[in-house]
Amino acid sequence: MIPGMNPKQMKQMERQMKKMGMDMKEFHGVKEVIIRFEDKELIIPNAEVNIMKVMGQETYQITGTATEVEIEEELMIPEEDIKMVAKQGQTSKKEAEKALIATKGDLAEAILKLNQ
């Protein structure tokens, strides 16, 4: 249901939509809606979701309060990189891995950091 609309208005709107070949239904039981971007997510808990079908196209209407969450990029460091930095920096694999994480995987910067 559309917020602020009484049931009588909703029925009238549904009849008009049917005349125009439009069909609108509400999804029940939606726990949350997540919209993912490259660097963040919009999370809408307890969202009301409606789907409208018009001429073969589906349109989703989401009603609720969104919370923006930054996505932390998980850094995967190959074992070969850790070994090379440990050898070049003359340190343990654990220290080499810490340096690579601190430099976001930059091999040269990690080696320079360890040699300081």
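Atom set for the values below is all heavy atoms of this structure, side chains included, hydrogens, waters and symmetry mates excluded.
Nearest heavy-atom pair across Leu100 and Asp106 is CD2-O, 4.1 Å. Closest non-hydrogen pair, Ile71 versus Lys40, comes out as CD1-O, 3.6 Å. Here the closest non-hydrogen pair linking Ala110 and Thr103 is CB-OG1, 3.7 Å. The shortest non-hydrogen separation linking Ile43 to Pro45 is O-CD, 3.4 Å. Nearest heavy-atom pair, Ala96 versus Ala86, reported as atom, atom and distance to 0.1 Å: CB-N, 3.5 Å. A pairwise comparison of heavy atoms in Glu70 and Glu68 identifies OE2-OE2, 3.8 Å as the closest pair.
Gln9 contributes a side-chain N or O that, together with a main-chain N or O of Asn6, makes up a donor-acceptor pair within less than 3.5 Å.
Here the NZ-CD distance, from Lys25 to Glu58, works out to 10.5 Å after rounding to the nearest 0.5 Å. Taking CG of Asp81 as the start and CE of Met76 as the end, the distance is 12.0 Å to the nearest 0.5 Å. Here the straight-line distance linking atom OG1 of Thr91 with atom CD1 of Ile111 works out to 12.0 Å at 0.5 Å rounding. Taking OG1 of Thr63 as the start and CD1 of Ile44 as the end, the distance is 9.0 Å to the nearest 0.5 Å. In this structure, CD1 in Ile82 is found 4.0 Å from CD in Glu97, a value given to the nearest 0.5 Å.
Side-chain contact between Val54 and Thr59 is absent, with no heavy atoms from C-beta onward closer than 4.5 Å. Side-chain contact between Arg15 and Lys11 is present, with at least one heavy-atom pair separated by less than 4.5 Å. Using a 4.5 Å heavy-atom threshold, the side chains of Ile77 and Ile101 count as touching. Between Met24 and Gln61, the closest side-chain pair of non-hydrogen atoms falls below 4.5 Å.
Hydrophobic clustering, with ILVMFWY side chains joined whenever heavy atoms are under 4.5 angstrom apart, groups Met20 together with Met10.
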* Worked verdict on Met84 versus Leu107 for side chain to side chain contact (heavy atoms under 4.5 Å, CB included) -> CA-CA 9 Å; Met84 186 176 78; Leu107 299 173; 3.5 Å; yes
* **Residues Ile34, Leu42; criterion side chain to side chain contact (heavy atoms under 4.5 Å, CB included); working and verdict** => CA-CA 6 Å; Ile34 301 172; Leu42 288 179; over 6 Å; no
* Just do the salt bridge (Lys or Arg N to Asp or Glu O under 4.0 Å) check on Glu95 and Lys98 with the steps written out, would you? => CA-CA 5 Å; Glu95 289 300 314; Lys98 284 181 186 177; 3.8 Å; yes
* **Residues Gln57, Lys53; criterion side chain to side chain contact (heavy atoms under 4.5 Å, CB included); working and verdict** => CA-CA 6 Å; Gln57 293 279 329; Lys53 294 181 183 179; over 6 Å; no
* Asked: Can you list the steps and then say if Phe27 with Ile51 is a side chain to side chain contact (heavy atoms under 4.5 Å, CB included)?
  -> CA-CA 7 Å; Phe27 280 140; Ile51 182 171; 4.2 Å; yes
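Each of Met52, Met17, Lys18 was scored for a side-chain contact (heavy atoms from CB on, under 4.5 Å) with Asp23, with one residue passing: Lys18.
Ion pair Glu79/Lys93 flagged as a salt bridge, since at least one NZ, NE, NH1 or NH2 atom sits closer than 4.0 Å to an Asp/Glu carboxylate oxygen. By the 4.0 Å N-to-carboxylate-O rule, Glu41 lies close enough to Arg36 to be salt-bridged with it.
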